[in-house]
A.B. asks: 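My questions all concern the structure below.
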Amino acid sequence: MKITILTIFPEFFDGFLNNSIIKRAIAKGVVSFEVVNIRDYSLDKNHRVDDHPIGGGAGLVMRLEPLVDCLRAHSTEQTHKIYLGPRGKSFAQEDARRLSRMEEILLVCGHYEGVDARFADYVDEELSIGDFILTGGEIPAMAISDSVTRLLKGAIRAESTMEETFDDGLLEYNQYTYPVEYEGKRIPDVLFCGNHEAVKAYRHRESLLLTYERRRDLFDRRRYSREDCQILEDYLSGRAGESVQEAEAKKKGKKFLPR
């Protein structure tokens with residue numbers, strides 16, 4: 001896969017491309033990156049790419065000509081072009097999977113007060129990483145590039161992506177490592193039983209209940225089997241033992257009340 005990033009701050013990506021999974025994926029030939037300075041396509045002698053908003057208002061708006069010229073110079077008909085802005089669809093794991101199946105994606109980092117609205121006609125979609133304001137699109141570009149790259153074959157071990165948060169609409173179950181007990185906090189005994197089916201069932205229950213407790217928005221979007229419904233019914237009626245959150249609440253002397 002090729003990932004092209006259009007930005008006015010190309011140096012922003014120096015550390016990102018030279019560390020961890022991204023660096024190894026590049027070395028293996030799994031992914032290639034091209035970071036392009038939009039200023040190189042400015043028609044202004046000072047390489048400005050912004051101007052005042054028409055109709056008045058605070059801040060500056062990125063001009064259309066350098067953006068479009070830069071986009072056209074670094075894309076083809078097969079390139080999937082994405083503008084990173086606050087009006088876009090909220091980026092989710094399903095989007096990471098969708099983009100990872102493409103041969104080439106291009107990410108456009110906005111800046112200032114945004115870009116000329118007509119630029120929307122030149123891209124395939126707009127994506128956002130959340131309902132908050134950032135200085136520019138560089139951090140979203142890194143976040144999306146990272147989430148997509150790690151799904152590419154050969155980037156990391158295949159088993160590392162098999163059971164992860166959001167993959168089946170649930171939060172991932174709790175993970176533990178040694179020591180077995182620390183300051184009275186003990187790893188659940190079932191994880192040492194050697195029965196793979198029992199461990200799998202326990203972890204699924206934990207994922208289900210953690211999602212119910214912490215991310216009701218995710219929980220409400222998912223369809224559940226009869227077995228899942230029974231797990232939740234037992235939990236709410238107190239017949240299936242306590243969850244991690246209930247145990248924590250007890251230690252703090254508080255009563256745990258699910259929403």
Side-chain angles (χ1 to χ4, degrees), residues 1-53 58-76 79-88 90-91 95-96 99-100 102-117 119-120 122-152 154-156:
M1 167 181 268
K2 180 180 180 182
I3 300 177
T4 302
I5 300 172
L6 309 188
T7 174
I8 60 173
F9 295 111
E11 65 279 4
F12 210 97
F13 296 89
D14 291 345
F16 172 71
L17 298 177
N18 286 286
N19 286 282
S20 190
I21 290 172
I22 299 297
K23 181 179 180 179
R24 293 196 296 270
I26 293 172
K28 292 178 181 178
V30 172
V31 64
S32 65
F33 281 85
E34 182 181 15
V35 181
V36 183
N37 192 340
I38 300 171
R39 294 186 190 277
D40 292 343
Y41 293 83
S42 173
L43 302 178
D44 183 86
K45 65 179 182 180
N46 295 317
H47 301 291
R48 285 191 60 180
V49 294
D50 59 294
D51 212 329
H52 298 286
L60 299 166
V61 178
M62 292 185 74
R63 294 177 61 93
L64 198 58
E65 313 100 297
L67 280 170
V68 174
D69 289 347
C70 186
L71 183 77
R72 285 174 172 165
H74 295 276
S75 63
T76 66
T79 306
H80 188 73
K81 298 173 280 292
I82 304 165
Y83 170 60
L84 304 171
R87 296 181 181 178
S90 290
F91 183 75
D95 296 301
L99 296 178
S100 72
M102 297 180 179
E103 290 295 321
E104 183 174 346
I105 62 173
L106 181 148
L107 305 171
V108 182
C109 303
H111 215 72
Y112 307 116
E113 287 297 309
V115 303
D116 188 303
F119 186 62
Y122 297 90
V123 296
D124 298 304
E125 66 175 315
E126 182 175 344
L127 291 175
S128 167
I129 63 166
D131 296 335
F132 50 91
I133 304 301
L134 293 169
T135 304
E138 286 74 22
I139 291 175
M142 288 190 288
I144 291 174
S145 296
D146 183 274
S147 66
V148 169
T149 298
R150 66 190 308 281
L151 294 176
L152 300 177
I156 59 176

A.B. asks: Hey, does the side chain of Thr149 reach the backbone of Asp146 with a donor-acceptor pair shorter than 3.5 angstrom?
C.D. replies: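 Not confirmed, Thr149 side chain does not pair with Asp146 backbone.
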
A.B. asks: I need the single residue from Asp50, Asp51, Asn46, Asp44 that forms a side-chain hydrogen bond (donor to acceptor under 3.5 Å, both in side chains) with Arg48. Which is it?
C.D. replies: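 Filter result, single survivor: Asp50.
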
A.B. asks: Enumerate the side-chain hydrogen bond (donor to acceptor under 3.5 Å, both in side chains) contacts for residues 15-34, please, sequence neighbours excluded, ordered by first and then second residue.
C.D. replies: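 Listed once each, the pairs are Lys2-Glu34, Glu34-His74.
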
A.B. asks: Do you know the tightest heavy-atom contact between Ile5 and Ala141?
C.D. replies: CG2-CB, 4.3 Å

A.B. asks: Could you list all the salt bridge (charged side-chain N to carboxylate O under 4.0 Å, His left out) pairs where at least one residue sits in residues 64-74, not counting sequence neighbours?
C.D. replies: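 For residues 64-74: Arg63-Glu65.
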
A.B. asks: Taking the side chain as every heavy atom from C-beta outward, state whether Leu127 and Leu99 have any pair of such atoms under 4.5 Å apart.
C.D. replies: yes

A.B. asks: Consider side-chain contact (heavy atoms from CB on, under 4.5 Å). Of Leu106, Thr4, Val36, Val108, which one does Cys70 pass it with?
C.D. replies: Val36

A.B. asks: Could you go through Phe12 and Thr7, starting from their C-alpha distance and side-chain angles, then the distance that decides it, and tell me whether this counts as side chain to side chain contact (heavy atoms under 4.5 Å, CB included)?
C.D. replies: CA-CA 9 Å; Phe12 210 97; Thr7 174; 5.6 Å; no

A.B. asks: Taking all heavy atoms of Ile38 and all of Cys109, pick out the closest pair and write down the distance.
C.D. replies: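 For Ile38 versus Cys109, the nearest heavy atoms are CD1-O, 4.3 Å.
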
A.B. asks: Taking CD in Glu103 as the centre, count heavy atoms belonging to other residues, nucleotides or ligands within less than 6.0 Å. Is the count above 12?
C.D. replies: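 No, CD of Glu103 has 12 or fewer neighbouring heavy atoms, counting only those of other groups under 6.0 Å.
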
A.B. asks: Search all heavy atoms of Ala155 against all heavy atoms of Ile21 and return the closest pair with its distance.
C.D. replies: O-CG2, 4.3 Å

A.B. asks: Hey, could you give me the CE/NE2 distance between Met62 and His111, rounded to the nearest 0.5 Å?
C.D. replies: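 The NE2 atom of His111 is 8.0 Å from CE of Met62, to the nearest 0.5 Å.
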
A.B. asks: So, do Pro140 and Phe91 sit near enough that their side-chain heavy atoms are less than 4.5 Å apart?
C.D. replies: no

A.B. asks: Any chance you could measure Ile82, atom CD1, to Ile144, atom CD1, to the nearest 0.5 Å?
C.D. replies: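 Result: 6.0 Å between the selected atoms.
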
A.B. asks: Could you state the interatomic distance from CG (Leu134) to CD1 (Ile129), rounded to the nearest 0.5 Å?
C.D. replies: 5.5 Å

A.B. asks: Between Phe33 and Phe13, is the side chain to side chain contact (heavy atoms under 4.5 Å, CB included) condition met? List the steps.
C.D. replies: CA-CA 10 Å; Phe33 281 85; Phe13 296 89; over 6 Å; no

A.B. asks: To the nearest 0.5 Å, tell me how far Ser147 OG sits from Asp95 CG.
C.D. replies: 9.0 Å

A.B. asks: So, for Ser145 and Ile22, which heavy atoms are closest and what is the spacing to 0.1 Å?
C.D. replies: O-CD1, 4.3 Å

A.B. asks: Assign the ring pair Tyr122 / Phe119 to parallel, tilted or perpendicular, where the plane angle (0 to 90°) is split at 30° and 60°.
C.D. replies: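 Ring orientation of Tyr122 relative to Phe119: parallel.
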
A.B. asks: Quick one, Leu67 and Asp116 - any side-chain contact, counting heavy atoms below 4.5 Å?
C.D. replies: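 No, their side chains stay 4.5 Å or more apart.
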
A.B. asks: Kindly indicate, with the supporting measurements, whether the criterion side chain to side chain contact (heavy atoms under 4.5 Å, CB included) is fulfilled by Val31 and Val148.
C.D. replies: CA-CA 10 Å; Val31 64; Val148 169; over 6 Å; no

A.B. asks: Hey, what do you get for CG (Asp124) to NE2 (His80), rounding to the nearest 0.5 Å?
C.D. replies: 5.0 Å

A.B. asks: Quick one: pull up CG in Leu152 and CD1 in Ile3 and give me the separation to the nearest 0.5 Å.
C.D. replies: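 One finds 7.0 Å between CG of Leu152 and CD1 of Ile3.
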
A.B. asks: If you apply the rule side chain to side chain contact (heavy atoms under 4.5 Å, CB included), what do you find for Tyr112 with Ile8, and how did you get there?
C.D. replies: CA-CA 11 Å; Tyr112 307 116; Ile8 60 173; 3.7 Å; yes

A.B. asks: If you take all heavy atoms of Pro53 and Gly59, which pair is closest and at what distance?
C.D. replies: CD-O, 3.3 Å

